[in-house]
**Q** 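Submitted below is the structure of interest, expressed as structure tokens.
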Amino acid sequence: QVQPPESGGGLVQAGGSLRLSCTVSGPTFTCYATGWFRQAPGQGLEFVATIMRRSGNTYYSKSVKGRFTISRDNADNTVYLQMNSLKPEDTAVYFCAVSTLSYPNSNYYYTGRTYGYWGHGTQVTVSS
């Protein structure tokens with residue numbers, strides 16, 4: 001079982017920043033992509049950002065592009081999500097997910113179905 005542990009969530013005011021981290025400990029598989037998803041109250045799972053293991057290419061949802069940055073530390077298998085200029089609508093439980101599947105188009109990594117390993121989530125609350 002692989003459960004990427006997320007950390008860094010918290011309560012901030014609009015305009016503030018948070019940095020989430022996700023580290024996969026002792027994986028027995030090859031990580032193809034690591035993504036961040038979120039689930040706001042009463043809503044479904046939403047894609048936030050993902051980073052490709054091979055190329056390092058990053059992709060973002062329209063709602064966070066320009067404000068959030070996904071990055072990785074290859075030495076310790078840690079992926080970060082730097083969240084700046086936070087808005088109340090960013091309030092959600094944020095999940096780190098790891099995919100071991102290979103697809104030819106980045107669009108496949110915008111859906112949670114592509115990811116087989118999920119963390120338990122970390123709460124991000126942005127007050128207005």
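Just so you know, residue 1 is the first one in the sequence shown, and it goes up from there.
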**Q** Please find the pair of heavy atoms, one from Q123 and one from A92, that lie closest to each other, and give the distance.
**A**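 What the structure gives for the nearest pair is NE2-O, 3.4 Å.
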**Q** Where is the tightest heavy-atom contact between S17 and S85, given as atom of each residue plus distance?
**A**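 Looks like OG-N, 4.3 Å.
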**Q** Give the intermediate values and the outcome of side chain to side chain donor-acceptor pair (under 3.5 Å) for residues S21 and T78.
**A** CA-CA 7 Å; S21 63; T78 299; over 6 Å; no
**Q** Is there a donor-acceptor pair closer than 3.5 Å between any side-chain N or O of S99 and the backbone N or O of T114?
**A**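 Confirmed, S99 side chain pairs with T114 backbone.
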**Q** Can you tell me how far apart NE2 (H120) and SG (C96) are? Round to the nearest 0.5 Å.
**A** 12.0 Å
**Q** For a 4.5 angstrom cut-off between non-hydrogen side-chain atoms, does E46 reach S63?
**A**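 In contact.
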**Q** Hey, what do you get for CG (N84) to CZ (R19), rounding to the nearest 0.5 Å?
**A**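 With rounding to 0.5 Å, CG (N84) is 10.5 Å from CZ (R19).
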**Q** Is there a path of hydrophobic side-chain contacts, each under 4.5 Å between heavy atoms of I/L/V/M/F/W/Y residues, joining Y110 to W118?
**A**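 Cluster IDs for W118 and Y110 match.
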**Q** Just by distance, do the side chain of T122 and the backbone of G9 share a donor-acceptor pair under 3.5 Å?
**A**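 Yes.
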**Q** Suppose clustering is done on Ile, Leu, Val, Met, Phe, Trp and Tyr with side-chain heavy atoms closer than 4.5 Å. Which residues sit in the same group as V126?
**A** V12, L18, L20, W36, V48, I51, Y60, V64, F68, I70, V79, L81, M83, L86, Y94, V124
**Q** Would you sort out whether T111 and F47 count as a side chain to side chain contact (heavy atoms under 4.5 Å, CB included), showing the intermediate values?
**A** CA-CA 7 Å; T111 175; F47 167 75; over 6 Å; no
**Q** Please examine the side chains of K87 and R67, heavy atoms only from C-beta on, and report whether any two atoms are closer than 4.5 Å.
**A** yes
**Q** Please tell me whether F37 and M52 are part of a single hydrophobic cluster in this structure, the criterion being side-chain heavy atoms less than 4.5 Å apart.
**A** yes
**Q** State the OG-CD distance between S127 and Q13, to the nearest 0.5 angstrom.
**A**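 Interatomic distance, S127 OG to Q13 CD, rounded to 0.5 Å: 4.5 Å.
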**Q** Under the 3.5 angstrom rule, does the side chain of R72 hit a backbone N or O of R53 as a donor-acceptor pair?
**A** yes
**Q** Report yes if the side chains of V98 and Y115 come closer than 4.5 Å at any heavy-atom pair, otherwise no.
**A** no
**Q** Kindly indicate whether the side chain of Y108, heavy atoms from C-beta on, has any atom under 4.5 Å from the side chain of T50.
**A**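 They are not in side-chain contact.
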**Q** Assess whether ring-ring contact (aromatic ring centres under 6.0 Å, His included) is satisfied between Y109 and Y32, documenting all intermediate values.
**A** CA-CA 10 Å; Y109 297 94; Y32 196 80; 5.6 Å; yes
**Q** With rounding to the nearest 0.5 Å, note down the distance linking CD in E6 to CZ in F95.
**A**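 Going from the CD atom of E6 to the CZ atom of F95 covers 7.0 Å.
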